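I have placed the structure first, in the form of structure tokens, so that the comments after it can refer back to it.
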Protein chains: 2
Amino acid sequence: MARRSEHSLEELKAMVLDAAESIIIEEGFSALKVRKIAVAIGYTVGSIYMVFANMADLVMHINARTLDAIAAQLEQVQDCSAEQSIESLAVTYFSYASQNFNRWCKVFEYRLPADAEIPDWYQEKVDNVFALVEERFAELAPELSEDLRKRATRTLWSGVHGICVLSVTGKQDKAGIKDVEEMIVLLVRNFMRGWIACSNK
Amino acid sequence: MARRSEHSLEELKAMVLDAAESIIIEEGFSALKVRKIAVAIGYTVGSIYMVFANMADLVMHINARTLDAIAAQLEQVQDCSAEQSIESLAVTYFSYASQNFNRWCKVFEYRLPADAEIPDWYQEKVDNVFALVEERFAELAPELSEDLRKRATRTLWSGVHGICVLSVTGKQDKAGIKDVEEMIVLLVRNFMRGWIACSNK
DNA sequence: ACCTGAACACCGTTCAAGT
DNA sequence: ACCTGAACACCGTTCAAGT
């Protein structure tokens with residue numbers, strides 16, 4: 001029963017994306033299967049390959065949405081002193097990660113077997129998240145070169161991310177949410193204290 | 001051609017483990033398949049399930065070996081001032097991660113769909129790695145409670161780990177090995193500076 | 001042009017049957 | 001008791017065939 005142009009390819013693409021996103025959110029990262037998506041949108045598997053090259057391509061587009069959601073969340077952080085803002089950004093990041101666990105995981109699940117390149121439009125979204133933190137570093141040390149600021153941002157944020165990752169990979173019970181939040185604050189405060197004390201680098 | 005007790009079950013287990021480890025090291029995380037292991041050791045797939053419950057079980061045992069290797073590497077770090085030692089431990093950790101990329105990845109690849117518990121013998125190996133870092137924190141602040149030291153260790157080490165993860169996930173080209181090492185040193189130095197300055201917590 | 005659905009290659013896992 | 005190997009259920013992906 002070929003349903004000719006009941007939906008445009010654009011519409012189909014959006015439907016696939018929505019359905020896949022729902023599956024990940026509701027059933028987790030390992031439940032995403034082409035056949036399940038097909039059933040959800042009322043098409044057959046073949047149709048999905050009309051709008052996405054393969055599963056990896058689809059997942060990359062879902063991850064892009066997640067990165068947008070993270071950026072949107074971070075943008076809502078109240079503006080105050082730079083130090084305080086950076087701390088709030090870090091806690092907000094963790095809060096997003098724990099509340100949107102399955103989506104967040106997918107982004108950092110290991111990826112692309114060596115050969116595959118990260119597309120520019122995707123890298124932009126990653127940079128966009130970092131940029132929100134970097135702005136505050138700029139307020140704090142406007143005299144520093146962009147390079148040094150970028151490095152400090154990347155360093156601290158990777159650290160914050162690492163705490164989120166290990167707290168979530170290891171043992172959810174042993175390290176409760178409150179503990180993780182405290183660890184993040186501890187990392188940010190100590191790093192910032194050290195960073196400011198030694199004003200350059 | 002059933003080969004009766006040509007090897008003991010213990011020997012078989014070791015053979016499977018060795019073969020699987022080699023595949024991961026040489027061909028990467030996605031190349032590990034039961035059939036490939038079976039061919040490598042000259043048995044059929046069924047035999048593997050005589051000594052391991054399933055793939056996840058097998059992988060967990062490989063990861064245990066990797067954790068042992070990491071601990072062994074960290075133990076070789078020269079003894080000097082606590083601050084210097086912690087920095088060296090962090091750089092050594094990254095060095096192991098980048099030189100044993102595939103094995104290291106497997107350990108932190110996402111895991112166990114919710115239900116599965118982490119066995120005690122495995123958790124011990126994880127704790128063992130942390131303990132090596134914690135010792136130096138103890139030298140640095142012997143007056144602190146074990147709890148506060150553990151938290152500081154876990155925080156900093158998660159941060160170091162995060163830098164390794166993102167540097168390896170994101171873009172190997174853009175952030176070269178030298179850059180990553182500098183980021184790790186930056187994180188450790190600033191964190192330690194901040195931590196010491198504010199002697200408690 | 002759009003869509004189907006059967007087919008393909010490839011997984012992990014099981015288990016009756018052999019020695 | 002140890003081991004085989006065929007079978008099962010389930011993947012992602014392709015493509016000739018239909019409308």
Side-chain angles (χ1 to χ4, degrees), chain A residues 1-21 23-24 27-63 102 106 109-116, chain B residues 1-21 23-24 27-63 102 106 109-116:
Chain A
M1 53 126 169
R3 42 166 95 195
R4 301 166 137 270
S5 60
E6 205 171 278
H7 301 98
S8 71
L9 286 187
E10 283 307 308
E11 283 173 326
L12 185 60
K13 194 165 184 169
M15 287 164 66
V16 172
L17 228 39
D18 285 338
E21 203 171 51
I23 292 169
I24 292 176
E27 305 178 57
F29 58 104
S30 61
L32 188 70
K33 319 275 150 137
V34 238
R35 283 170 179 79
K36 189 173 258 177
I37 299 171
V39 169
I41 62 172
Y43 279 75
T44 58
V45 279
S47 306
I48 292 168
Y49 290 86
M50 290 167 51
V51 287
F52 290 104
N54 48 42
M55 269 289 139
D57 183 29
L58 205 183
V59 168
M60 180 139 277
H61 281 82
I62 291 173
N63 290 345
N102 289 335
K106 252 300 183 207
E109 228 182 49
Y110 204 59
R111 149 190 22 236
L112 325 179
D115 54 340
Chain B
M1 52 126 170
R3 42 166 94 195
R4 301 166 136 269
S5 61
E6 206 171 278
H7 301 97
S8 72
L9 286 186
E10 283 306 307
E11 284 172 327
L12 185 59
K13 194 165 183 169
M15 287 164 67
V16 172
L17 228 39
D18 286 338
E21 202 171 53
I23 292 169
I24 291 176
E27 306 177 58
F29 58 104
S30 61
L32 188 69
K33 319 275 149 136
V34 237
R35 285 170 177 81
K36 188 173 260 177
I37 298 171
V39 170
I41 63 172
Y43 278 76
T44 58
V45 280
S47 306
I48 292 168
Y49 290 86
M50 290 167 51
V51 287
F52 290 104
N54 48 42
M55 269 290 139
D57 183 28
L58 205 184
V59 168
M60 181 139 277
H61 281 83
I62 292 175
N63 289 347
N102 289 335
K106 252 299 183 208
E109 229 181 49
Y110 205 59
R111 154 191 15 239
L112 326 179
D115 54 340

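Throughout, protein chains are lettered first and strands after them, A, B, ... in sequence-line order, and every chain is numbered starting at 1. Just so we're clear, the structure is a prediction, and the values are computed from it rather than from any experiment. Only this structure's heavy atoms are used, side chains among them; waters, hydrogens and symmetry mates stay out.
Summarising the geometry of B:Ile37 relative to B:Ala20, their closest heavy-atom pair is CD1-CB, 3.9 Å, with the distance given to 0.1 Å. Looking at every heavy atom in both residues, A:Met15 comes nearest to A:Tyr43 through CE-CE1, 4.1 Å. A:Ile41 and A:Ala19 make their closest contact through CG2-CB, 3.7 Å (heavy atoms, listed as atom of the first residue, atom of the second, distance). Taking all atoms of both residues into account, the shortest heavy-atom contact from A:Leu9 to A:Val51 is O-CG1, 3.6 Å.
Atom CD in B:Glu11 sits about 12 Å away from atom P in D:dC2, given to the nearest Å. Protein atom CG of B:Leu9 is 7 Å distant from nucleotide atom P of D:dC3, rounded to whole Å. Taking atom CD1 on A:Ile48 and atom C1' on D:dT14, their separation rounds to 14 Å, with Å as the unit. Counting to the nearest Å, the C1' atom of C:dC2 and the CD1 atom of A:Ile41 are 13 Å from each other. Straight-line distance from the NZ atom of A:Lys13 to the P atom of C:dC2: 14 Å, rounded to whole Å. The separation between B:Met50 atom CE and D:dC2 atom P is 6 Å, rounded to whole Å.
Put simply, B:Ser47 has a side-chain N or O that comes within less than 4.0 Å of OP1 or OP2 on D:dT4.
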Next on the checklist: For a side chain to side chain contact (heavy atoms under 4.5 Å, CB included) check, start with the C-alpha distance between A:Met50 and A:Lys13, then their side-chain angles and the critical distance, and finish with the verdict.
Outcome noted: CA-CA 9 Å; A:Met50 290 167 51; A:Lys13 194 165 184 169; over 6 Å; no
Next on the checklist: For B:Glu27 and B:Lys36: C-alpha separation, side-chain torsions, deciding distance, then whether side chain to side chain contact (heavy atoms under 4.5 Å, CB included) applies.
Outcome noted: CA-CA 11 Å; B:Glu27 306 177 58; B:Lys36 188 173 260 177; 2.9 Å; yes
Next on the checklist: Under the criterion side chain to side chain contact (heavy atoms under 4.5 Å, CB included), I'd like the reasoning laid out for B:Asn54 against B:Leu58: C-alpha separation, chi angles, the key distance, then a yes or no.
Outcome noted: CA-CA 6 Å; B:Asn54 48 42; B:Leu58 205 184; over 6 Å; no
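A side chain to side chain contact (heavy atoms under 4.5 Å, CB included) with B:Ile23 is found for exactly one of B:Ile62, B:Leu32, B:Asp18, B:Asn102, namely B:Leu32.
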Next on the checklist: What does the B/S/- profile of nucleotides 6-13 of chain C look like, 5' to 3', with a 4.0 Å heavy-atom cutoff to protein?
Outcome noted: -B---BBB
Next on the checklist: Just to be sure I follow the notation: if a pair is Watson-Crick (purine N1 to pyrimidine N3 plus N6-O4 or O6-N4) or a G-U wobble (N1-O2 and O6-N3), each under 3.5 Å, what dot-bracket string does DNA chain D give, with | for pairs to another strand?
Outcome noted: ||.|||||...|||||.||
